[in-house]
Number of protein chains: 2
Amino acid sequence: MAQAESEMKMRILFAAKKLFARQGFDGTSVRQICEEAGANVALISYYFGGKEKVYRALFECFFPGQRMSQYEDLLKSPVEGLKLLISEIISFSMNDKELSSIIQQEMVMVSPRTELIVSFTGPVWKKARELLEQGREQSLFHFDSLDQALMMVVGVTLAHKKQNCYSGLLTDGPPKREETVESAVRFVLLALGADTAGTAPS
Amino acid sequence: MAQAESEMKMRILFAAKKLFARQGFDGTSVRQICEEAGANVALISYYFGGKEKVYRALFECFFPGQRMSQYEDLLKSPVEGLKLLISEIISFSMNDKELSSIIQQEMVMVSPRTELIVSFTGPVWKKARELLEQGREQSLFHFDSLDQALMMVVGVTLAHKKQNCYSGLLTDGPPKREETVESAVRFVLLALGADTAGTAPS
DNA sequence: GTCTATAACGGGATAGAC
DNA sequence: GTCTATCCCGTTATAGAC
């Protein structure tokens, strides 16, 4: 069932991911999805049971959930843990630009899908919050409000998603993954007052 | 014409702003807008000429465009200019949460409305970029990539928009405007290595 | 200026044939 | 498993009455 999961089903999922990312959930019709996938309209009902269910399936299929548990040791150090978290989130986000766009769309709306998004992404940011808190207790980080600090970290980590929109303002080409990760990590650590000798730019 | 601009027209605009912000452009029907406004469906065509035109009118009516020209003097100093810019953008964004949500929605999609968004918001970020560049030339700011630095500033400035979504992770109540501005400004200046004595948190 | 009524279309979903 | 044909609903837009 997990193996020969009907290639057609996957084709539909890939098509839906692509179209939802560009046009949003409401801006995409099941007919469009099926055309893109080379599938018949009826297959959406047959395989998933409706458009909303396709959306859910997207997350169950493509959202990397178990990755964090591999790094339990690193996540005990506030500085290293936060570095790792930012790096992993940006990597995921640049590897699967479509899914991350879908996530960001719902983050600014009030929709029946918001809850789903939060259930998948919330745990990751919860971990980030814990690391910030521990780092402050250990005097590794310096900030006033934990809430505010967390939101800043979220903002920096997801900042690169706006590059498509404002590409007209940028002079370098599309940035490499490593460059984006490094910039974000350094920006956050500097802002948090973490001592990270040797990482300051010239 | 600019004075007694038919109150009904304004009621429709306010209703549209509210609904577009929560449900997105495609997720909102003109019927819904008119019901919310207490107007008849036909008035959308009569006043604006269609749903898309209502969207445009929203920006022409509510987007604050001329504010920047008032501060020409302050905008000559990289540090003070950047502070002002961040402060103004966050203030606008918290005053009119709806319009700023509408803007952010389109920033992650590819839609016929993207161009409109960029034409209104682009100039502001262009100014931010210039300030960053000048600040680096004057050794006030320290960063490697101008592109990356700009995106980080954008990310921090707009970070507070995600508070609705992740309110479950936050312990303080909804943050005050001043607190948000101060956190963002300090975060950015620290990350850019700007010397701002006395602003470091305890 | 505001309304009703209707046109013209596209949406999601599925029954039933194959 | 896959398709066609159809249902039924909601959509935008507007003509024409008031």
Side-chain angles (χ1 to χ4, degrees), chain A residues 1-61 102 105-106 109-114 116, chain B residues 1-59 61 102 105-106 109-113 116:
Chain A
M1 191 199 278
Q3 167 203 3
E5 191 89 353
S6 172
E7 288 171 28
M8 191 44 118
K9 203 171 169 180
M10 289 306 291
R11 291 239 303 278
I12 291 174
L13 282 176
F14 278 111
K17 186 151 67 78
K18 173 175 173 180
L19 293 170
F20 286 160
R22 302 188 189 188
Q23 310 173 345
F25 181 82
D26 290 312
T28 303
S29 70
V30 296
R31 292 171 143 84
Q32 243 185 317
I33 294 170
C34 289
E35 192 185 9
E36 174 80 28
N40 185 280
V41 245
L43 293 182
I44 292 268
S45 285
Y46 179 73
Y47 280 126
F48 301 96
K51 188 180 168 184
E52 298 266 4
K53 305 280 186 60
V54 174
Y55 191 90
R56 286 197 84 85
L58 233 43
F59 282 82
E60 283 151 12
C61 183
I102 292 170
Q105 284 170 27
E106 301 299 326
M109 302 204 211
V110 181
S111 84
R113 303 171 292 283
T114 308
L116 178 71
Chain B
M1 191 201 280
Q3 168 203 3
E5 190 90 352
S6 172
E7 287 170 28
M8 191 45 115
K9 202 171 167 179
M10 288 307 291
R11 292 239 303 279
I12 291 174
L13 281 176
F14 277 111
K17 186 150 67 78
K18 174 176 172 180
L19 293 170
F20 286 160
R22 302 188 189 189
Q23 310 172 345
F25 181 82
D26 291 311
T28 304
S29 70
V30 296
R31 289 161 136 81
Q32 246 184 314
I33 294 170
C34 289
E35 190 185 12
E36 175 81 27
N40 185 281
V41 245
L43 293 181
I44 292 268
S45 283
Y46 179 72
Y47 280 127
F48 302 96
K51 187 180 168 184
E52 298 265 5
K53 305 277 186 62
V54 174
Y55 191 90
R56 286 197 83 86
L58 233 45
F59 282 81
C61 182
I102 292 170
Q105 283 170 29
E106 300 299 327
M109 301 205 213
V110 181
S111 83
R113 302 170 294 283
L116 179 71

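Letters A, B, ... are given to chains in the order of the sequence lines, protein chains preceding strands, and every chain is numbered from 1. Source: prediction; values computed, not measured. Just the heavy atoms: all of them, side chains too, but no hydrogens, waters or symmetry mates, feed the values below.
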Does Cys61(A) form a side chain to side chain contact (heavy atoms under 4.5 Å, CB included) with Met10(A)? I'd like the steps, not just the answer. CA-CA 9 Å; Cys61(A) 183; Met10(A) 289 306 291; 3.9 Å; yes
With side chain to side chain contact (heavy atoms under 4.5 Å, CB included) as the criterion, how do Met109(A) and Thr114(A) come out once you've worked through the C-alpha distance, each side chain's angles and the decisive distance to 0.1 Å? CA-CA 8 Å; Met109(A) 302 204 211; Thr114(A) 308; 5.6 Å; no
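Taking atom CD1 of Ile44(A) as the reference point, atom P of dG12(C) lies 9 Å away to the nearest angstrom. For the pair Leu19(B) CG and dT11(D) P, the interatomic distance rounds to 12 Å; values are reported in whole Å. Between the CG atom of Leu43(A) and the P atom of dG1(D) there is a distance of 11 Å, given to the nearest Å.
Interatomic distance, CZ of Arg22(B) versus CD1 of Ile102(B), reported as 11.0 Å (0.5 Å rounding).
Listed by residue number, the members of residues 25-38 of chain A with any heavy atom below 4.0 angstrom from DNA chain C are Thr28(A), Ser29(A), Val30(A), Arg31(A). Contacts between residues 45-61 of chain A and DNA chain D, defined by a heavy-atom separation below 4.0 Å, involve Tyr46(A), Tyr47(A), listed by number.
For Ala42(B), the side-chain atoms get nearest to dA15(D) when compared with the rest of dT2(C), dC3(D), dA15(D).
Side-chain nitrogen and oxygen atoms of Asn40(B) include none within less than 4.0 Å of the OP1 or OP2 phosphate oxygen of dG1(C).
Gln32(A) is linked by a side-chain hydrogen bond (donor to acceptor under 3.5 Å, both in side chains) to Gln23(A), counting only residues two or more places apart in sequence or in another chain. With sequence neighbours excluded, the residues that form a side-chain hydrogen bond (donor to acceptor under 3.5 Å, both in side chains) with Arg113(A) are Glu106(A).
Screening residues 34-46 of chain B for salt bridge (charged side-chain N to carboxylate O under 4.0 Å, His left out) gives Lys18(B)-Glu36(B) as the qualifying pairs, with residues at least two apart or on separate chains.
Looking only at distances, a side-chain donor or acceptor of Arg11(B) sits under 3.5 Å from a matching main-chain atom of Ala37(B).
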Identify each donor-acceptor pair in which a side-chain atom of residues 43-51 of chain B lies under 3.5 Å from a protein atom, sequence neighbours left out, and give them as a table.
residue  : atom : partner  : partner atom : Å
Tyr47(B) : OH   : Ser6(B)  : OG           : 2.6
Lys51(B) : NZ   : Phe25(B) : O            : 3.0
Lys51(B) : NZ   : Thr28(B) : O            : 2.6

